[in-house]
2 protein chains.
Amino acid sequence: MEAIGEPNRRRVVEVLAAGERSAGEIAAGFDISRPAVSQHLGVLVEAGVLRVRRQGRQRFYSVDASALDEVGDWLEAQRGRWNTALDALEQAMDEGES
Amino acid sequence: MEAIGEPNRRRVVEVLAAGERSAGEIAAGFDISRPAVSQHLGVLVEAGVLRVRRQGRQRFYSVDASALDEVGDWLEAQRGRWNTALDALEQAMDEGES
DNA sequence: CAGATATGTAAGCAGTGACTTACGCATTTG
DNA sequence: CAAATGCGTAAGTCACTGCTTACATATCTG
């Protein structure tokens with residue numbers, strides 16, 4: 001789930017949150033080249049965050065609903081790590097201020 | 001505040017949460033070389049997360065209490081970014097499931 | 001069928017960041 | 001004062017990652 005650490009990929013997810021879009025439509029909203037976006041899409045699909053639906057010569061991407069949980073868990077894990085440090089700090093500070 | 005994104009640096013903060021330590025003491029707890037730790041310490045000081053106190057030939061590092069807030073803010077900002085995406089997603093899912 | 005369209009893939013470049021070794025500088029110690 | 005100790009700095013390596021420019025592939029369209 002490290003896939004969602006990249007800003008552009010986060011944006012892709014945000015865009016797709018509004019609904020299914022074709023690769024071209026998605027890429028149109030970015031300044032980077034279309035292949036670059038395509039690569040990001042590939043990473044996200046690989047990570048299970050997105051799904052692809054082929055229709056004719058187009059490919060429609062959408063967020064995999066089940067990924068919601070995973071993303072949430074990942075977020076929590078990230079938070080948890082820091083909270084470990086923060087908690088220790090706060091505690092130390094409180095004690096030290098005596 | 002990007003400084004605290006690196007795992008080893010996070011560990012440094014955790015270690016220092018227990019109290020002030022000399023550079024050598026800190027480095028002893030890591031597998032990487034002493035200079036590498038020194039560099040991490042430098043970054044953290046530069047970022048305002050740590051303070052240094054020179055005493056003789058030793059340098060004692062400790063967490064800067066005021067950094068607590070900044071770290072917290074940074075964490076919140078990170079969360080916020082993702083929540084933007086997550087909120088949109090959840091909303092879209094809820095609507096879509098009709 | 002030939003050309004256009006929609007998209008992925010390959011290959012390579014460039015920036016970044018963490019790490020290592022080597023070295024320099026101050027401070028303590030015998 | 002010379003050696004030892006505690007650290008930081010310099011310089012260079014390496015891996016990773018995102019980007020770009022070709023190029024390949026599949027599908028429509030006239």
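So that the names make sense, note that chain A is the first sequence line, chain B the second, and so on, each numbered from 1. These numbers come from a predicted model, not from an experiment.
- As a whole-Å value, the separation of Arg21(B) CZ from dC7(D) P is 13 Å.
- Regarding Glu6(A), its CD atom lies at a distance of 9 Å from the C1' atom of dT17(D), rounded to whole Å.
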Heteroatom pairs (N/O) under 3.5 angstrom, protein to nucleotides 12-15 of chain D:
none

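- The two atoms that bring Asp64(B) and Gly48(B) nearest to each other are CB-O, 3.6 Å, heavy atoms only.
- Contact between the side-chain N/O atoms of Arg9(B) and the OP1/OP2 oxygens of dA18(C) is found at a separation under 4.0 Å.
- Comparing His40(B) and Ser22(A) by the nucleotide of DNA chain C whose heavy atom lies nearest to each, the residue mapping closer to the 5' end is Ser22(A).
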- Message: With side-chain contact (heavy atoms from CB on, under 4.5 Å) as the criterion, how do Ile32(A) and His40(A) come out once you've worked through the C-alpha distance, each side chain's angles and the decisive distance to 0.1 Å?
- Response: CA-CA 11 Å; Ile32(A) 60 180; His40(A) 282 311; 3.9 Å; yes
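- Note on Tyr61(A): every side-chain N or O is 4.0 Å or more away from OP1 and OP2 of dA6(C).
- Taking every heavy atom of residues 46-57 of chain B and every atom of DNA chain C, pairs under 4.0 Å involve Gly56(B), Arg57(B), by number.
- We find that CD of Gln58(B) is positioned 13 Å from P of dT5(D), with the value rounded to whole Å.
- The distance from atom CZ of Arg11(A) to atom P of dC19(D) is 11 Å, rounded to the nearest whole Å.
- Taking atom CD of residue Glu25(B) and atom C1' of nucleotide dC7(D), one finds them 13 Å apart after rounding to whole Å.
- Of the possible polar contacts, one joining the Arg11(B) side chain to the Gly29(B) backbone as a donor-acceptor pair under 3.5 Å is found.
- Side chains of Leu44(B) and Tyr61(B) form no contact here, defined as non-hydrogen atoms less than 4.5 Å apart.
- Hydrophobic clustering of Ile, Leu, Val, Met, Phe, Trp and Tyr side chains at less than 4.5 Å, counting indirect connections, keeps Ile26(A) apart from Val43(A).
- Of the candidate nucleotides dG8(C), dC19(C), dC7(D), dG8(C) has the atom nearest to the side chain of Ala23(A).
- Arg59(A) has its CZ atom 15 Å from the C1' atom of dC28(D), to the nearest Å.
- The nearest pair of heavy atoms linking Phe60(A) to Ser22(A) is CD2-N, 3.6 Å.
- Using a 4.5 Å cut-off on side-chain heavy atoms (C-beta onward), Leu50(A) and Val12(A) make contact.
- Across every non-hydrogen atom of Ala17(A) and Val63(A), the tightest pair is N-CG2, 4.3 Å.
- In terms of heavy-atom proximity, Gln55(A) sits nearest to Arg53(A) at OE1-NH1, 2.8 Å.
- Of the possible polar contacts, one joining the Glu6(B) side chain to the Arg9(B) backbone as a donor-acceptor pair under 3.5 Å is found.
- Listed by residue number, Ile32(A), Ser33(A), Pro35(A), Ala36(A), Gln39(A) are the residues of residues 26-39 of chain A with a heavy-atom contact under 4.0 Å to DNA chain D.
- Residues Arg21(A) and Leu16(A) are in side-chain contact: their nearest non-hydrogen atoms beyond the backbone lie under 4.5 Å apart.
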